[in-house]
Amino acid sequence: MAIIQSNECISPDIYKMSVTFSGTVLPGQFFMLRAWDKDPLLSRPISVHDYVPGKVTFLYQVVGKGTKILAKLKTGDNVEIQGPYGNGFPEITGDLCVVGGGIGVAPLYYLVKHYKEKKPNGNCRVYLGFRENAYCVEAYEAIADEVILDIGGIITNQLRVQPDEVVMTCGPEIMMASVAKTVPLENVVYVSMEAHMACGIGACLGCTCETKSGNKKVCKDGPVFLREEVFYV
Amino acid sequence: MAIIQSNECISPDIYKMSVTFSGTVLPGQFFMLRAWDKDPLLSRPISVHDYVPGKVTFLYQVVGKGTKILAKLKTGDNVEIQGPYGNGFPEITGDLCVVGGGIGVAPLYYLVKHYKEKKPNGNCRVYLGFRENAYCVEAYEAIADEVILDIGGIITNQLRVQPDEVVMTCGPEIMMASVAKTVPLENVVYVSMEAHMACGIGACLGCTCETKSGNKKVCKDGPVFLREEVFYV
Amino acid sequence: MSNCLETKFNDILFKNPVIPASGTFGFGREYEAFYDLNKLGGLCSKGLTLEPKSGNRGIRLWETPAGLMNSIGLENPGVDAFIKNEWPHLKDIDTVTIINVGGKDEESYLTAIKKLNAIDAKLIELNISCPNVKAGGMAYGIKAATAGEITKKVVAISRHPVMVKLSPNGEAIADIAKACEEAGAQGISLINTLQGMAIDYKKKAVVFDNLYAGLSGPAVKPIALRMTHQVCQAVRIPVMAMGGISNWEDALEFIMAGATCIQVGTMNFNNPLAPIEMIEGLEAYCQKEGLANISEIRGII
Amino acid sequence: MSNCLETKFNDILFKNPVIPASGTFGFGREYEAFYDLNKLGGLCSKGLTLEPKSGNRGIRLWETPAGLMNSIGLENPGVDAFIKNEWPHLKDIDTVTIINVGGKDEESYLTAIKKLNAIDAKLIELNISCPNVKAGGMAYGIKAATAGEITKKVVAISRHPVMVKLSPNGEAIADIAKACEEAGAQGISLINTLQGMAIDYKKKAVVFDNLYAGLSGPAVKPIALRMTHQVCQAVRIPVMAMGGISNWEDALEFIMAGATCIQVGTMNFNNPLAPIEMIEGLEAYCQKEGLANISEIRGII
Ligand SMILES: Cc1cc2nc3c(=O)[nH]c(=O)nc-3n(C[C@H](O)[C@H](O)[C@H](O)COP(=O)(O)OP(=O)(O)OC[C@H]3O[C@@H](n4cnc5c(N)ncnc54)[C@H](O)[C@@H]3O)c2cc1C
Ligand SMILES: Cc1cc2nc3c(=O)[nH]c(=O)nc-3n(C[C@H](O)[C@H](O)[C@H](O)COP(=O)(O)OP(=O)(O)OC[C@H]3O[C@@H](n4cnc5c(N)ncnc54)[C@H](O)[C@@H]3O)c2cc1C
Ligand SMILES: Cc1cc2nc3c(=O)[nH]c(=O)nc-3n(C[C@H](O)[C@H](O)[C@H](O)COP(=O)(O)O)c2cc1C
Ligand SMILES: Cc1cc2nc3c(=O)[nH]c(=O)nc-3n(C[C@H](O)[C@H](O)[C@H](O)COP(=O)(O)O)c2cc1C
Ligand code: FES
Ligand code: FES
């Protein structure tokens with residue numbers, strides 16, 4: 001049981017929720033959230049948007065029953081969080097280029113923050129693409145070296161990757177596929193995948209992602225995969 | 001949609017909830033309450049405990065899933081109330097003797113109040129029986145001519161009905177059966193029955209009560225029946 | 001109001017494909033307090049039998065996760081009393097009234113059907129699938145052979161088109177549907193309730209006097225949708241589908257699976273306005289999708 | 001801790017009658033993070049097939065009201081890899097490990113069973129009921145005759161006792177259970193998932209590549225309880241029941257209906273501690289009711 005410290009709407013249908021959490025978290029990991037009994041039946045996977053010791057923050061979009069319930073929670077309410085789960089984005093030595101689309105920007109904030117903490121001199125560029133309303137842009141601007149924003153267009157059209165950059169991306173699969181295709185093969189690219197989940201821990205085999213080396217579980221082997229594993233470049 | 005004006009615990013597992021309501025209500029009628037979507041699936045029948053124009057009050061015991069949810073509601077929250085349903089207790093000309101057991105005391109408060117308003121000179125005696133904790137006793141004392149209380153015993157052992165009294169009772173079926181049996185046949189006795197309900201309006205035939213004159217629907221033909229209809233005296 | 005929801009079930013015209021299901025809507029009167037019944041595509045009567053029936057004793061309703069179990073046992077006034085007391089009211093409602101008929105044996109089915117020939121109904125729903133009483137006919141409904149036989153005899157003597165209501169508790173449902181089609185049924189409806197059981201562990205006893213009872217409600221929707229799809233693939237006569245339909249999205253899915261109309265049962269108890277909200281939702285959907293008629297997406301799965 | 005929950009399934013001793021169900025518990029490792037697996041009465045492996053299987057493509061999970069649909073398609077490493085990589089770990093857990101085996105034809109069942117003769121397992125769960133793949137054997141499990149045949153052959157060559165896992169999608173389940181008993185099965189487990197369908201109306205398409213999928217979870221409990229009761233009435237061999245069991249009260253009801261043990265599937269996803277809470281709940285119940293052993297209330301319905 002975690003206690004909600006804040007839960008606010010920051011853009012139409014986009015909420016930011018902070019809860020108490022004692023433990024550590026890696027960028028790209030996620031939690032299984034629930035604030036209900038049996039309706040809906042399953043918990044919902046939500047990535048870590050930000051983390052400071054004692055507190056984890058989620059950024060989520062209201063799309064259905066579960067996220068609707070989450071959006072109604074108030075400060076002081078309880079929410080069950082199981083996790084952190086998944087592998088998360090790896091630590092890298094080179095420069096970082098992140099590409100986020102829509103609610104896929106959620107996990108990238110903590111990723112960038114963590115990167116800059118570990119490697120204050122590393123360069124980090126951030127591409128953010130939104131269909132209609134942008135959010136969190138200022139937050140990214142505060143921690144990244146450069147933020148390239150696109151609203152209503154196709155973010156990958158603008159994408160120019162430096163030879164020494166490692167690319168990390170999260171967003172609609174079609175966007176990630178396009179990133180996978182356009183970024184030169186010399187660059188290392190990591191993608192964060194989604195799948196419907198039941199257990200979140202590798203027991204149900206429901207969240208399969210087909211990879212070059214056979215089926216992988218998004219919840220346990222992922223959600224972060226190397227580009228070539230998933231998109232067969 | 002009704003708005004909750006107050007909802008408080010007045011005794012272990014016993015709650016009193018007032019909600020906005022514009023309409024009129026008879027004593028013994030009930031509402032179908034819900035403050036959930038599909039879990040549980042059905043609304044819950046709860047009697048009118050008190051009514052003043054603009055506001056109806058319920059007294060309920062927490063026994064399962066539905067009442068647990070009701071108990072968590074706070075002032076200002078919404079609750080759906082459908083009703084009032086059922087026939088209610090009839091208006092009478094003579095004196096009134098009410099017998100309530102456990103949470104069966106709920107509908108009797110408005111009954112007594114209504115009776116005394118319509119018939120200030122009428123005499124009204126109230127028997128209240130509880131297994132462990134008594135509640136609402138002072139409220140009854142404030143409006144009835146006499147209140148006879150029993151805790152942990154069998155209220156019907158004390159019951160002495162006057163020849164001109166009409167008896168109205170609500171409580172565990174076994175208690176009402178005992179009232180039906182012990183009160184002289186000369187007295188008119190009304191009993192308020194319970195049954196599991198789905199529709200609350202007479203459409204599903206789920207809340208049947210067997211009577212001398214065939215099946216009756218508790219929700220529509222009742223919940224109040226003449227003793228001889230139900231207990232075949 | 002456009003007529004994007006107008007639906008033909010054979011040559012019977014429904015204003016829209018939304019119909020409250022048998023046994024959950026009485027004979028309609030009760031829901032008049034909530035809305036104008038003329039708005040409904042149709043409505044389906046409580047199951048009638050030749051003789052009046054007082055139904056099952058004991059507890060008749062039991063809630064389950066996202067479901068409802070019932071053991072009403074076809075309580076009804078009998079066909080004669082229905083014709084006398086309910087039909088005069090029902091026939092004046094500007095909607096298609098479907099008459100649901102159960103029976104305990106061939107003779108009781110046939111006699112009831114003959115009596116109903118006297119009134120100007122549009123459609124009979126032949127209930128061979130009520131799991132709660134012998135008179136519900138589930139014994140007929142769980143085998144293709146017997147389902148076909150009774151259908152044939154009923155169709156032969158009925159002045160009205162006959163739609164057979166199937167049980168989900170028997171043999172492969174598509175086979176049963178095909179048998180009914182071959183026997184001359186003019187339509188199929190499905191599903192009736194699934195046979196379930198409830199135990200009250202506190203009382204160390206079964207809940208229902210009748211041991212088993214019928215499960216309905218959102219819990220059964222995936223099963224009902226699968227069976228609807230199977231039956232729609234198997235027969236050419238129109239299908240009226242039900243089982244856990246709780247909103248217009250559910251209704252749409254059944255139509256996409258091939259149903260001509262849909263019925264709404266248990267959800268009437270959860271939300272008395274459910275059928276009306278479904279009609280409105282489907283209408284809005286057609287508008288948004290630019291469908292001249294809902295039939296454009298029927299059976300696309 | 002008293003031993004009021006100790007349960008014999010034939011001569012196999014279970015510490016308690018609570019067992020995570022096949023396919024919802026991997027090979028156990030994942031849940032070690034939540035509790036000590038030694039506390040479990042037993043655990044049931046993911047369904048194994050002779051050859052490794054990569055399972056079904058596309059979406060594999062879909063939530064329904066109080067239920068879950070899955071179309072995993074028996075993804076598993078195959079019997080050989082299981083024996084090599086999973087069994088060494090599993091065999092050291094102080095609980096009864098049940099090995100769930102599926103097959104696509106007689107030969108694949110029999111070869112898998114023969115290979116498993118090499119390890120010291122306590123109980124085989126013969127899966128003739130997975131609705132998601134041909135290899136799940138549901139074709140065998142929906143008819144009494146074929147269920148009996150395959151059971152007979154498997155029992156003949158298996159060194160381990162064989163419990164047959166039945167499908168709720170076929171003929172009268174008690175008949176199938178009896179056929180398996182006559183064929184020599186040492187136990188029955190039920191129910192596997194109910195065949196259902198999901199449509200994504202937004203995409204105007206079916207959700208599962210495989211068209212239909214298996215429904216489980218609290219939604220199906222009333223059906224599972226009825227079938228458990230029917231089977232317990234029909235056979236003398238012990239029964240392991242499952243289907244929507246979500247708390248100790250549910251578990252108790254299945255035991256009252258006659259089940260010797262119970263399995264917990266979908267609820268592991270809702271609450272990873274579900275099996276442990278059931279064990280604790282049943283224990284507290286025995287104490288409160290003064291039962292020396294849970295068997296005192298078994299089959300009282
Ligand atoms: C590893 C991972 C991390 C995620 N991180 C975030 C995040 O940080 N912020 C955010 O807004 N969303 C995130 N998502 C997506 C989020 O899980 C879904 O939007 C959410 O489950 C929808 O639930 P719902 O009840 O509102 O919608 P419904 O549509 O009612 O959900 C029905 C079922 O489908 C599942 N489902 C629906 N959409 C998705 C989806 N896109 N991915 C996986 N399952 C889905 C639900 O979990 C549920 O089981 C993440 C998904 C994954 C797999
Ligand atoms: C006409 C009428 C008036 C009532 N008035 C009151 C009142 O004023 N105060 C009060 O505390 N209770 C009253 N009850 C009882 C109340 O309806 C139940 O206690 C309540 O429905 C329990 O719901 P639950 O979800 O908490 O319990 P659960 O046991 O989880 O309910 C499961 C199902 O059983 C039904 N159920 C359980 N107990 C009863 C019962 N005793 N009567 C009818 N259905 C039941 C529920 O409605 C639900 O459908 C009344 C019942 C009726 C029929
Ligand atoms: C209380 C109740 C009574 C019912 N009575 C009948 C009936 O008389 N005749 C009949 O054919 N079906 C009857 N049914 C079945 C419904 O018509 C419908 O087939 C079933 O409930 C599935 O639909 P649903 O999930 O929308 O409720 C009844 C169902 C319920 C819940
Ligand atoms: C994700 C998932 C995977 C399953 N895999 C198997 C399997 O491999 N073999 C099998 O016999 N049953 C399998 N089942 C069925 C369960 O073991 C169980 O029979 C069914 O889910 C009903 O129980 P429940 O309602 O408690 O989940 C699976 C169920 C689920 C939900
Ligand atoms: S969600 Fe169960 S294996 Fe990934
Ligand atoms: S509750 Fe439906 S008829 Fe009374």
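All figures in this text were calculated on a predicted structure; none of them were measured in a lab.
Contact of C:Lys204 with chain D is made through backbone and side chain together, with heavy-atom distances under 4.5 Å. Neither the backbone nor the side chain of D:Glu171 comes within contact range of chain C; no heavy atom of the residue lies under 4.5 Å from a heavy atom of that chain. Both the backbone and the side chain of C:Gln230 come within contact range of chain D, judged by heavy atoms closer than 4.5 Å. Looking at D:Ala257, both its backbone and its side chain come within 4.5 Å of chain C, counting heavy atoms on both sides. With a threshold of 4.5 angstrom between heavy atoms, D:Leu252 approaches chain C through side-chain atoms but not through N, CA, C or O. If you measure heavy-atom distances from D:Ile300 to chain C, the contacts under 4.5 Å come from the side chain alone. At a 4.5 Å heavy-atom cutoff, D:Phe254 makes no contact with chain C through either its backbone or its side chain.
Within the 3.5 Å criterion, the main-chain N or O of D:Ala213 finds no donor-acceptor partner in the side chain of D:Gln195. Side-chain N or O atoms of D:Thr7 include none that pairs as donor or acceptor with a backbone N or O of D:Phe14 at under 3.5 Å. Formation of a donor-acceptor pair under 3.5 Å by the C:Gln263 side chain with backbone atoms of C:Met240 is not found in this model. Side-chain N or O atoms of C:Asn293 include one that pairs as donor or acceptor with a backbone N or O of C:Glu6 at under 3.5 Å.
A donor and an acceptor atom, one from each side chain of D:Thr266 and D:Ser216, are located under 3.5 Å apart.
Residue with the most contacts toward chain D among C:Pro222, C:Gly196, C:Ala219: C:Pro222 (heavy-atom pairs, distance under 4.5 Å). The candidate from D:Glu289, D:Met227, D:Met256 with the greatest count of non-hydrogen atom pairs under 4.5 Å with chain C is D:Met256.
A salt bridge between C:Glu249 and D:Lys202 is absent, with no side-chain N of the basic residue lying under 4.0 Å from a carboxylate O of the acidic one. The pair C:Lys288-C:Glu283 does not count as a salt bridge, with every side-chain nitrogen at least 4.0 angstrom from each carboxylate oxygen.
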